[in-house]
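Notes for the one structure printed next.
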Amino acid sequence: MPMEKTFSPADAEARISDLWIREKVGAAGANARPGAEAFSIMIPPPNVTGSLHMGHAFNNTLQDILIRWHRMQGHDTLWQVGTDHAGIATQMVTERDMALHQEPNRREMGREKFLSRVWQQKVKSRGTIIGQLQRLGASCDWDREAFTMSGAPGAPAGEDGNFHDAVIKVFVDMYNKGLIYRGKRLVNWDPHFETAISDLEVENIEVAGHMWHFKYILADKQTYEYIEKDEDGTITLREVRNYISIATTRPETMLGDGAVAVHPSDARYQSIIGKMVHLPLCDRLIPIIADEYPDPTFGSGAVKITGAHDFNDYQVAKRNNLPMYRLMDTRAQMRADGAPYADAVKRAREIAAGSPTDENEVDALNLVPEKYRGLDRFEARKQVIADINALGLCVSTLHSEIDPETGSEHLTREPFVEAKKIMQPFGDRSKVVIEPMLTDQWFVDTAKIVGPALDAVRSGATKIIPESGEKTYFHWLENIEPWCISRQLWWGHQIPVWYGPAIDQSQHGGLSHDTVSFCAVNASEVQKQAEAHYRAAFGQHVRIHVESGESNSITEVQRQQGVNPSAGTTSALYNADWVPDEITIRRDPDVLDTWFSSGLWPIGTLGWPEQTPELQKYFPTSTLITGADIIFFWVARMMMMQLAVVGEVPFKTVYLHGLVRDAKGKKMSKSLGNVIDPLEIIDEFGADALRFSNAAMASLGGVLKLDTARIAGYRNFGTKLWNACRFAEMNGVWEGHATQAQAPKATATANRWIIGETAKALSEVNAALKDYRFDNAADALYKFVWGKVCDWYVEFAKPLFDGPDAPETRATMAWVLDQSMILLHPMMPFITEDLWSTTGTRAKLLVHTDWPTYGAELLNAEAANEMTFVTTLIEEIRSARAQVHVPVGLKCDLVATELSQAARTAWQRNEALIKRMARIDTLTEGPAPKGSIAVAVEGASLSIPLAGLIDIAEEKARLTKTMDKLAKEIGGLKGRLNNPNFAASAPEEVVDEAKANLALREDEAAKLQAALKRLAEIG
RNA sequence: GGGAGAUUAGCUCAGUGGUAGAGCGCGUCGUUCACAUCGACGAUGUCAGGGGUUCAAAUCCCUUAUCUCCCACCA
């Protein structure tokens, strides 16, 4: 049955994909030679939040190309597939879906039910993702599919891997080594998801904001002389003030101010440092302190300090021992909990006066006046501004207005509000304004584990390409901040720490309101630990009740940890003589940052902590291919974590790529409507076209712009290969012999030439892939298959099929096309696998066919020279004919007026080809007939007699144009060669090349000059 | 404010010292038995501007401009 005219991706891809999956072609070690070196890649696990986008398609194409290339070479390959539980993102998607279907919300459902609901979501999304990868042709080991939460408590059947165990074990180990700690710190709080997030999950975006200026009045009716000077020291303002002017972009936080800070060197405020000011609206006094932080040249030089809601102020407050009053709840509404304001402020005054306290009490103190309690922070801001204005405590400016009627000037006072661009932090998922919040969180002490991660890249143990990625990597790691790893979510790995009441050391040894932590891999371990702890304390056994943490709102957590939010100071609950029957320890309800677990992806998927054979064989992995946007989130953390846990780098090479954008370079986004769904592309053009485009786009360090016109072009490339094979098939080239492992022994020049070209293509592809230059590999293959095989070799073969060299030509064409399929297979697996099976009886699937190893022995300089002569000759004749408008259908004669020895040989041996492809009737040698067009190539001067058929003027113009071009080149070459410095300084081969080039050009010019002269004779 | 990168044909991009390339697009021609998802031929560039190094610069250095991205606490 003859082949169809075009390859039909829709039907072939489904069939072939099924076959690959059924045959487990991507199984770890498939097609490996005994004792072969390992090559392993960890897929960057896609989030189980939906479907894959174009960036995934790109990223996975590159991975598959490398994997297939190595697998065909007989290496022991593993492409580890899997998905990421993506804590916040998945919880968000699930809650959105629940809202859509009018299901009860998460709090109504409770933790356990909600989690099983998320698992459903996970299963659905996971199926979509795996299906997409398979449609793309990814040859992963599907049986090893991993999940970053496999084996977690509550996981449904089929999710019983041990990733969870690995994560928990790492946490416990790091905890025991002191690499993880808990503390009350100012963290980025996402009021939408009501959780802490890490620095990296915050996006700083410039928005239009305002700066307000307020007056804080000095206590006890004090005044001071305020003097302002310009740069020269000339006094520009001198007045007696009873206030200090402060500026703020966040007026609502003034309710929690602990001080006003000025720079110690600021002359304007020297006299009032240490004095107290009235905090507006609050009935509190706060001090003016001196601190290095304020910039005297900015604003008024005085800064209000709100330690609990600003990262700078937090540092100042810590340095100066200022109380930090938390003003908002988890939703960033002004707090409505705790004692009435009057009581709270009374206590605050006591504390300010020196009454002993602790951070928990300060945190419990709600200093939001009743009026603002429960308001959203932005609502509270408006209210605070209005109230301060009403009190006349805003700094105001004089505004002059001319009355159009009377022409008289009115002066009005208006609050001084500057419109100002400010950088505002937003949650990368929630897109709401992040609120700095003082909360208890878990941190990885990154400073302690960053060293080896830096050393590994410095020493080259891990190489990052492109190199600029290394700079980014170093810069971030050299300035590493503690990593906040606790999240107040439900979907994730729950932190394996339980809290119990602490033994009161200071008093009589009873239980206190303080807590003690127990960290262990599971409840029974923690029970043992707690029993041992309390036995030691009480001298006898105490029953331990272990509870799992349910809720994680701030107050809930404190309650569970035994902290009484309303308690004043810690105090012994029980006296020493009394031993409790039972002590309850409660698990920390928080879960771990998703990146903590995906940071363990390399070892976790290979079965660690078990010493599995796969871990032995495939770790450290060979190459990580991932987006440059997650170098900090993931790459750097994997480096730190793997080195901290198993003491080895997770991968030898990291290949970073950019974001895939649309054809115009715009980020693909739903709101712009320019998102391209990889499945739609695959439906329209086929997976191979998409893959080949991806490879061709993958130059190092660039922006990736995806243009469907380009994809269509590569679809056409597939069709081209298909049709070359179709031609070969029609000529029976695959009939009667098995797949040839070796290149055929050929005698015909064209055959010897194309065999050499194939060897060149192989070496180019190998070199390009070795350097991760997927674009160069794609380019080399495109040029070889289309430019050499299809454009020339297929044409050369046509006359050969009619002659004595037919058998070897069939063998050669079969071999060349087989090689084309093999070399293209990593990039275009479907069409090549389909052709492989259509065109012959094959021992193995193409996916497991050996990658060739031939090299220079197949090159043949003689054949290459001869074919270059022939192709150049044909091109020149075609060009000349077309330019002087010789009808394509007209067969001409060709007269050689000059032939070198080599040229004559080539001329004679390839007569049939020249005739066929240049549309020539007879080939003769002799003098140039009158009225002919001229063609000059290396070693030959030719004429095409066309008396009467051509326009002499046109031919003259053509020759003159060519001459002009040559003259320019000759001029340049001569200029260089005549420069004594060139000969003296340039390398010998460059000088020789220039000389040879000049000779060649001069020869060609002479030939054309002669032709031009002959034309002149005609008229 | 700091850092990285980009600027080459109409468009999207290759090109790490030897006188500029590809694909697409464009124009002319084409129904010879692989292919119109094709073939043949053709046109198109002061390689962002300026300066420097060099026998020689798209390429190396300096500088200016424009753009992109990343990081950063100026109230």
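Protein chains get the first letters and strands the later ones, always in sequence-line order, with residue 1 at the start of each.
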Next on the checklist: Could you check whether A/E1002 pairs with A/K974 (Lys NZ or Arg NE/NH1/NH2 to Asp/Glu carboxylate O, under 4.0 Å)?
Outcome noted: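 The answer is yes: the pair qualifies as a salt bridge.
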
From the options [options], select the nucleotide whose nearest atom is closest to the side chain of [X].
X: A/P987; options: B/G18, B/A4, B/U32; answer: B/G18
X: A/N716; options: B/G42, B/A34, B/C38; answer: B/C38
X: A/W786; options: B/G39, B/A34, B/A36; answer: B/G39
X: A/S985; options: B/C38, B/C55, B/U32; answer: B/C55
X: A/D791; options: B/A34, B/G39, B/C55; answer: B/G39
X: A/V794; options: B/C38, B/C55, B/A34; answer: B/A34
X: A/K471; options: B/C55, B/A4, B/C29; answer: B/A4
X: A/E875; options: B/C41, B/A14, B/A34; answer: B/C41

Next on the checklist: Taking only side-chain N and O atoms of A/S879, does any of them lie within less than 4.0 angstrom of OP1 or OP2 on B/A40?
Outcome noted: no

Checklist entry - Which value, in whole Å, describes the distance between the P atoms of nucleotides B/A48 and B/A57? => result 15 Å

Checklist entry - Base, sugar-phosphate, or nothing for A/K968, non-hydrogen atoms under 4.0 angstrom? => result nothing

Checklist entry - Just by protein heavy atoms under 4.0 Å, how would nucleotides 70-75 of chain B read 5' to 3' in B, S and -? => result SSBBBB

Next on the checklist: Return whichever of A/K965 or A/R715 has its heavy-atom-nearest nucleotide of RNA chain B closer to the 5' end.
Outcome noted: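 Nearer the 5' end of the strand: A/R715.
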
Next on the checklist: Quick check: on RNA chain B, is the nucleotide nearest A/S468 upstream (toward 5') of the one nearest A/C725, or the reverse? Name the residue that is more 5'.
Outcome noted: A/S468

Item to check | Side-chain donor/acceptor contact of A/K720 with base of B/C35 under 3.5 Å | outcome: yes

